[in-house]
Asker: 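Handing you this structure, nothing more for now.
No experiment lies behind these values; they were computed from the predicted model shown. Atoms within each ligand, like the ligands themselves, are counted from 1 in listed order.
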Amino acid sequence: MLKSSSLLFLLSLTWLATACYYDVEEELYPTLECLTDNVNYSEEVLSIITTNCYSCHNAASNFGNITLEGYAALKVQVDNGKLLKVIRHEAGVSPMPKNQPQMVACDIAKIEAWVAAGAPNN
Ligand code: HEC
């Protein structure tokens, strides 16, 4: 009798620990850490694009005849709809960053929020 109730106790502890672990890793963490309010160009967007895209798309490298250097150049790709399509790996465009995994979800979410806000030059 004692044995089986302690086993049950241990099992429920394990279940609780597992449940908390998955809450933190898969649901709570990204929501708490990825802030998409008032995303600005000058710090957040510029830094994401510089890190992930400038190696091929600054004014000098200009791969595929596309530069993303500077607000005006990036805005062209916002307005023609390609920026979001390439980073979301949607059909009909070449997925970016080329030959690399998709950018981390939070970076994509920030760019999406910035575009949804009208892609301000702030
Ligand atoms: C390793 C080089 C490389 C990186 C890094 C890269 N690109 Fe590209 N990109 C290319 C090349 C080359 C093309 C021309 C099309 C092709 O060959 O796939 C291209 C094409 C594009 C196009 C036009 C796509 C189309 O189908 O018309 C857009 C928009 C674009 N890139 C945006 C980005 C963005 C945004 C990033 C960063 C998230 C990025 N690229 C990172 C190499 C790169």
Asker: Output the list of atoms in ligand 1 that are nearer than 4.0 Å to some heavy atom of Ser55, sorted by atom number.
Answerer: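 Listed by number with element, the hits are 5 (C).
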
Asker: Out of Lys82, Met103, Gln100, Gln102, whose heavy atom sits nearest atom 27 (O) of ligand 1?
Answerer: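 Nearest heavy atom to atom 27 (O) of ligand 1 lies in Lys82.
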
Asker: At a 4.0 Å threshold, what atoms of ligand 1 neighbour a non-hydrogen atom of Leu83?
Answerer: 35 (C)

Asker: Pairs of donor and acceptor atoms involving the side chains of residues 93-103, under 3.5 Å and at least two apart or interchain, shall be tabulated with distances.
Answerer:
unit_1: Gln102; atom_1: NE2; unit_2: Ile87; atom_2: O; d: 3.0
unit_1: Gln102; atom_1: NE2; unit_2: Arg88; atom_2: O; d: 3.4

Asker: Is a side-chain N or O of His57 found less than 3.5 angstrom from the main chain of Glu69, in a donor-acceptor match?
Answerer: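 Not a single qualifying donor-acceptor pair exists.
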
Asker: State, to 0.1 Å, how close Val78 and Ala119 come at their nearest heavy-atom pair, and which atoms those are.
Answerer: CG1-CB, 4.0 Å

Asker: How long is the span from the CG atom in Leu46 to the CG atom in Asn121, to the nearest 0.5 Å?
Answerer: 10.0 Å

Asker: So Asp107 and Thr51, side chain to side chain contact (heavy atoms under 4.5 Å, CB included) or not? Walk me through it.
Answerer: CA-CA 11 Å; Asp107 284 355; Thr51 308; over 6 Å; no

Asker: Heavy atoms only: give me the nearest Val86-His89 pair and the separation to one decimal.
Answerer: O-CD2, 3.1 Å

Asker: Determine yes or no for a side-chain-to-main-chain donor-acceptor pair under 3.5 angstrom, with Thr67 supplying the side chain and Asn62 the backbone.
Answerer: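 Side chain of Thr67 to backbone of Asn62: no pair is present.
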
Asker: If you take all heavy atoms of Trp114 and Val39, which pair is closest and at what distance?
Answerer: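 Looking at all heavy atoms of both residues, the closest pair is CD1-O, 3.4 Å.
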
Asker: Between ligand 1 and Asn52, can you find any atom pair, the residue atom being a heavy atom, that is separated by under 4.0 Å?
Answerer: yes

Asker: Return all protein N, O or S atoms below 2.8 Å from atom 8 (Fe) of ligand 1, chain by chain in residue order.
Answerer: His57 NE2, Met96 SD

Asker: When you measure from atom 29 (C) of ligand 1 to every protein heavy atom, which one gives the shortest distance, and what is it?
Answerer: Gln77 OE1, 3.6 Å

